Amino acid sequence: MELLPLVILIVGIVVLRGHNLKIKQLEARVQELQNALAGKIPAADAGESIPAAYAAKQPLQDEPKVAIADAPNTGDPALVARETADMAEEEAAPSAAQASAQAKESLESTIGARWAVWVGGIALALGGIFMVKYSIESGLLSPGVRLALAALFGLALIAAGEVVRRRAAPVLNNAFRNAMIPGVLTAAGVVGLFGSTYAAHAIYEFIGPTTAFILLALISLATLGLSLLHGQALAGLGLLASMVTPALIASTAPRPSVLFGYLVLTWLATLLASRLRRWLIAPSLANGLLSFWPLLYIAFSPVVDLAPVTLSMLAMIGGTIFLWPGHYPISEAANKDTATALPGDMPKQVSAGTEWIAFLARQPLGMTLTAAIGALAVSLCLINYSLRHGYPIVDATFMFAAIVAAVAAFGAGRLHAAWATILSALVAVVGTSGVLTNWIAGTEPTATDGTASLQNTVLCEVLGLGALFVLIGAFFLRRFAKAEKPYAALWSLVMAATPLAIATVSFVNFGNWTLDWLHGLYGVGLALVLIALAEWQHRRDGEALNLPTNILAAGSFAAAAFALHTLAHHAIATILLPAVGIAYLLAGRLRNWPVLPWTMVAALVIAMGRIAWQPTIVDPSELGTTPVFNMLLAGYGIPAGLAVLAAFITRHSPSLRLRNALQALACFLVLLTIAILVRHATNGGVLNDAAPTLGEQSIYTLLAIGASATLMALDLSAASPVFRYGAMALGAISVFMILTLHLIGLNPFMTGESTGHIPFFNLLLLAYLLPAAAYGGLALFARSRRPPPYVAMLAVAAAVMAFAWATLSVRRFWQGEYIPFWNGFIQGELYSYSVVWLLIGIALLGLGARFEARSLRIASAVLVFIAIVKAFLIDMANLEGFLRALSFIGLGAVLIGIGLFYQKILTARKATG
């Protein structure tokens with residue numbers, strides 16, 4: 001077993017010898033072909049490989065050649081040119097098929113030409129390692145001699161790789177570019193050199209850490225240089241060795257600036273090599289490793305200096321922006337790569353679909369992904385380390401903002417990295433939230449320890465980061481807005497939402513809720529800048545439906561609303577919000593931007609949210625008890641009035657949704673204003689969550705009925721689905737209220753509430769008779785204008801309320817002011833119910849006949865039926881003597897009269913028919 005490494009080495013040399021002989025034969029064959037075709041192949045165009053040009057221009061040998069002179073001379077130059085092009089296509093098509101057949105690689109070729117090379121390289125590297133191990137175990141050589149031999153073995157492999165590279169044919173370089181024998185030999189030699197150098201330092205201590213670090217770094221950088229000759233795989237090996245070197249060499253006095261300077265230098269060398277060779281995998285690996293080192297450094301170093309970390313991330317982002325891929329046209333690089341990747345004698349015939357797939361495969365997604373995500377992850381680690389370990393928060397916040405702004409600039413300057421825009425915006429909001437909620441919110445500013453000054457500095461830094469997003473977004477719009485409208489819309493959203501989100505988090509955690517000039521002026525400035533950018537974008541594009549313009553205008557309104565909340569207090573903010581919305585609505589007359597009228601809808605919704613948050617508008621102690629003329633009138637009435645004004649202004653708007661939204665909000669706010677004023681007046685100037693009384697609820701019911709009639713009238717004058725369905729909804733709601741509250745929940749017969757001292761003008765009049773009259777009038781108004789079921793519902797509601805009023809009035813006549821059910825009944829009261837119910841039934845029958853309302857006639861029949869049931873079940877059992885006889889006589893007379901009435905109606909109908 002001890003001789004196994006030596007056997008492997010000898011076999012490898014024999015295999016290489018056989019490959020060299022084959023290579024010489026192929027070189028000779030290629031030279032013969034080049035000599036034979038020297039006078040037949042035209043010069044390749046710039047950027048086109050010679051084999052591709054040959055495939056496009058050289059006719060197949062087996063095809064019969066037809067000269068242009070042999071074609072019939074029609075005298076038409078266009079026809080001659082067309083025939084020539086057809087011949088060229090016929091000649092090129094078989095060549096493309098032949099190339100496709102050659103492009104397919106067999107399993108034998110894969111195993112023999114590729115896998116053998118890979119396994120052989122690994123075997124050589126292991127052979128060197130095993131040889132050193134054997135010499136150590138056997139004690140044949142001293143440590144110095146063993147290391148020297150290992151280093152010489154590595155140098156010999158590198159030299160062999162160079163010899164093979166120089167003698168290999170270009171055809172093989174293209175055909176087996178990912179399994180090149182010179183690159184494998186060189187990689188094995190690099191492993192040997194790297195291992196021997198590290199063993200000299202870590203195991204035998206022949207050299208110190210400085211010397212070892214320099215030697216390992218030189219080996220790694222030299223490997224990167226050799227990768228220009230041997231390919232991207234060797235570049236990855238050199239990069240990995242370079243990045244691992246600082247972890248292998250322990251330093252007694254570590255200096256972060258030297259460490260990250262070396263890492264950036266290694267990364268820069270990889271990036272320059274990748275730019276020269278148009279590599280995408282190696283720089284992606286470099287970005288990932290360079291981003292991983294700061295995480296290790298922050299996690300395991302006892303003392304951390306964040307400045308070198310920040311500079312390394314800025315260097316990585318800057319190199320990605322300006323060096324590679326930079327502004328280089330990736331599509332051009334992809335085409336060049338495709339051209340050079342073809343075999344030597346394969347024609348460059350690639351379909352459009354294949355070209356598109358190749359283009360996507362060569363997009364620098366990995367590079368931009370690792371650079372942006374790595375830098376943003378490091379920026380969050382900076383903030384986290386500062387919050388946990390007491391690193392100066394001002395410096396950490398500044399470094400965080402610098403990295404995030406650099407990534408945002410990366411997303412704005414390169415279209416292939418536009419997704420970095422979203423990531424940078426999210427990280428900006430998350431990072432500033434962490435700073436503001438975990439540090440500023442946990443400190444108490446005092447004049448002695450300078451905390452207040454630190455807080456102001458950090459606030460300026462985070463707000464400045466939001467302003468940088470606006471500046472970077474403006475740069476993007478200036479360059480790409482016309483050509484890349486989806487990205488322009490994305491950046492418009494980011495530059496409006498990011499600074500506003502940061503400012504909101506800052507104000508919530510640190511702002512003065514009464515008056516905050518810093519955040520207020522920031523919001524005003526942001527609103528002005530965004531509306532100015534919207535105007536600038538509109539003038540450049542000229543389209544009203546331009547999405548970036550509308551997003552910027554909406555962002556301007558949001559910033560203005562934010563500024564209003566920071567500069568105003570309580571009622572002023574609630575009142576002025578709709579005023580700001582009206583201003584933007586009127587601006588829509590100057591600029592036909594669809595978003596401007598909708599800002600009024602947003603303003604009203606925000607105002608309603610403020611009302612829900614503080615229904616008293618001001619502090620309850622400041623509200624006062626004066627009915628109507630108090631702050632409620634201003635806080636509710638002014639937004640309601642502005643909503644009505646906005647609905648009137650937009651009554652001819654082409655947007656049906658806008659008209660409906662403003663009309664609905666206006667109706668709701670007007671009703672809410674009246675209801676809240678009623679609530680305030682009926683509760684002694686106090687707004688609380690106490691259940692309403694019957695009197696208060698009666699006012700709400702009357703308001704709902706009146707609003708339903710008003711909306712119906714508005715719908716008749718200006719047809720609108722809001723008015724139409726809103727009126728019917730209010731009518732249905734009011735009917736539900738009388739069924740649940742007037743008749744059951746708040747009924748004085750159930751609650752024992754006082755009905756008042758005055759016989760007629762009392763609570764029963766307000767709660768039952770007036771709603772009955774209102775329902776009757778609404779039903780009459782809705783007749784033939786609304787669906788019959790809805791009109792019938794209103795008519796029945798009127799009859800029920802009239803019945804309830806009459807019944808409760810009879811009880812009040814006999815019982816007095818209080819009419820609860822636990823007082824019982826007397827005989828006169830029971831008889832009065834029968835009389836009143838029959839009279840109401842007759843009245844309803846007459847009204848039903850007069851207005852041809854079948855619903856009233858049905859209600860009359862139901863009421864009479866109730867009277868009959870009462871007479872036979874209650875009156876017969878409870879009445880005595882004269883009252884019992886009189887009850888049944890009256891009932892019989894009424895029923896006969898009703899029968900006579902229906903007989904006349906039926907006879908008249910038959911005569912008419």
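Just so it is clear, the model here is predicted, and its values are computed rather than measured.
- Here the closest non-hydrogen pair linking Leu567 and Trp517 is CD2-CE3, 4.0 Å.
- Separation of atoms CG (Leu633) and OG1 (Thr673) is listed at 8.0 Å; rounding is to 0.5 Å.
- In plain terms, the two heavy atoms of Arg679 and Tyr700 that are nearest each other are CB-OH, 3.2 Å.
- Counting only residues at least two apart or on different chains, the side-chain hydrogen bond (donor to acceptor under 3.5 Å, both in side chains) pairs with a member in residues 622-643 are Asn630-His680.
- Put simply, CZ on Arg811 and OG1 on Thr807 are 11.0 Å apart, with the number rounded to the nearest 0.5 Å.
- Side-chain atoms of Thr755 and Arg812 form a donor-acceptor pair, as typed in the model, at a separation below 3.5 Å.
- Among residues at least two apart or in separate chains, side-chain hydrogen bond (donor to acceptor under 3.5 Å, both in side chains) pairs with a member in residues 795-805 are Trp805-Ser809.
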- [ ] Could you give me the CA-CA distance, side-chain angles and deciding distance for Leu769 and Met801, then say whether side chain to side chain contact (heavy atoms under 4.5 Å, CB included) is met?
- [x] CA-CA 7 Å; Leu769 185 58; Met801 294 302 285; over 6 Å; no

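- Between the side chains of Tyr522 and Thr566, no donor N or O sits under 3.5 Å from an acceptor N or O.
- Using bins of under 30°, 30° to 60° and over 60° for the plane-to-plane angle, the ring pair Phe821/Phe749 lands in the tilted bin.
- No side-chain donor-acceptor contact under 3.5 Å links Tyr768 and Ser698.
- Between Met712 and Leu778, some side-chain heavy-atom pair lies under the 4.5 Å cut-off.
- Of all heavy-atom pairs spanning Ala474 and Trp536, the tightest one is O-CH2, 4.0 Å.
- Side-chain contact check for Glu696 and Asn683: at least one donor-acceptor pair (N or O, by modelled atom type) lies under 3.5 Å.
- Here Ile531 contributes atom CD1 and Leu526 contributes atom CG; the two are 11.0 Å apart, rounded to the nearest 0.5 Å.
- Residues Phe723 and Ala718 share a closest heavy-atom pair of CD1-O, 3.7 Å.
- Here the SG atom belonging to Cys667 is positioned 11.0 Å from the CG atom belonging to Leu662, to the nearest 0.5 angstrom.
- Under 3.5 Å, the side chains of Thr549 and Gln537 contain no donor-acceptor pair of N or O atoms.
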Name every donor-acceptor pair, under 3.5 Å, that has one atom in a side chain of residues 490-508 and the other anywhere in the protein, sequence neighbours excluded.
| from | atom 1 | to | atom 2 | distance (Å) |
| --- | --- | --- | --- | --- |
| Trp491 | NE1 | Thr421 | OG1 | 3.1 |
| Ser492 | OG | Ala488 | O | 2.8 |
| Thr498 | OG1 | Val494 | O | 2.8 |
| Thr504 | OG1 | Leu500 | O | 2.7 |
| Ser506 | OG | His519 | NE2 | 2.6 |

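- A donor atom on one side chain and an acceptor atom on the other are found under 3.5 Å apart for Glu817 and His757.
- Under a cutoff of 6.0 Å and an axis angle of 45°, Arg786 and Tyr790 do not form a cation-pi pair.
- For the pair Phe400/Glu461, no side-chain contact is recorded, criterion being any heavy-atom separation below 4.5 Å from C-beta on.
- Partners of Phe803 according to the ring-ring contact (aromatic ring centres under 6.0 Å, His included) rule, which considers only residues two or more places apart in sequence or in another chain, are Trp837.
- Leu658 and Ser653 get closest at one heavy-atom pair: CD2-OG, 3.7 Å.
- Legend: residues meeting side chain to side chain contact (heavy atoms under 4.5 Å, CB included) with Pro578, ordered by chain and number and at least two apart, are Met600, Leu604, Ala607, Pro639, Leu642.
- Thr650 and Arg659 are not linked by any side-chain donor-acceptor pair at a separation below 3.5 angstrom, with hydrogens and angles left out of the test.
- Take Arg724 and apply the salt bridge (Lys or Arg N to Asp or Glu O under 4.0 Å) test, not counting sequence neighbours, and it matches Asp715.
- Shortest non-hydrogen contact noted between Leu711 and Gly726 is CD1-C, 3.7 Å.
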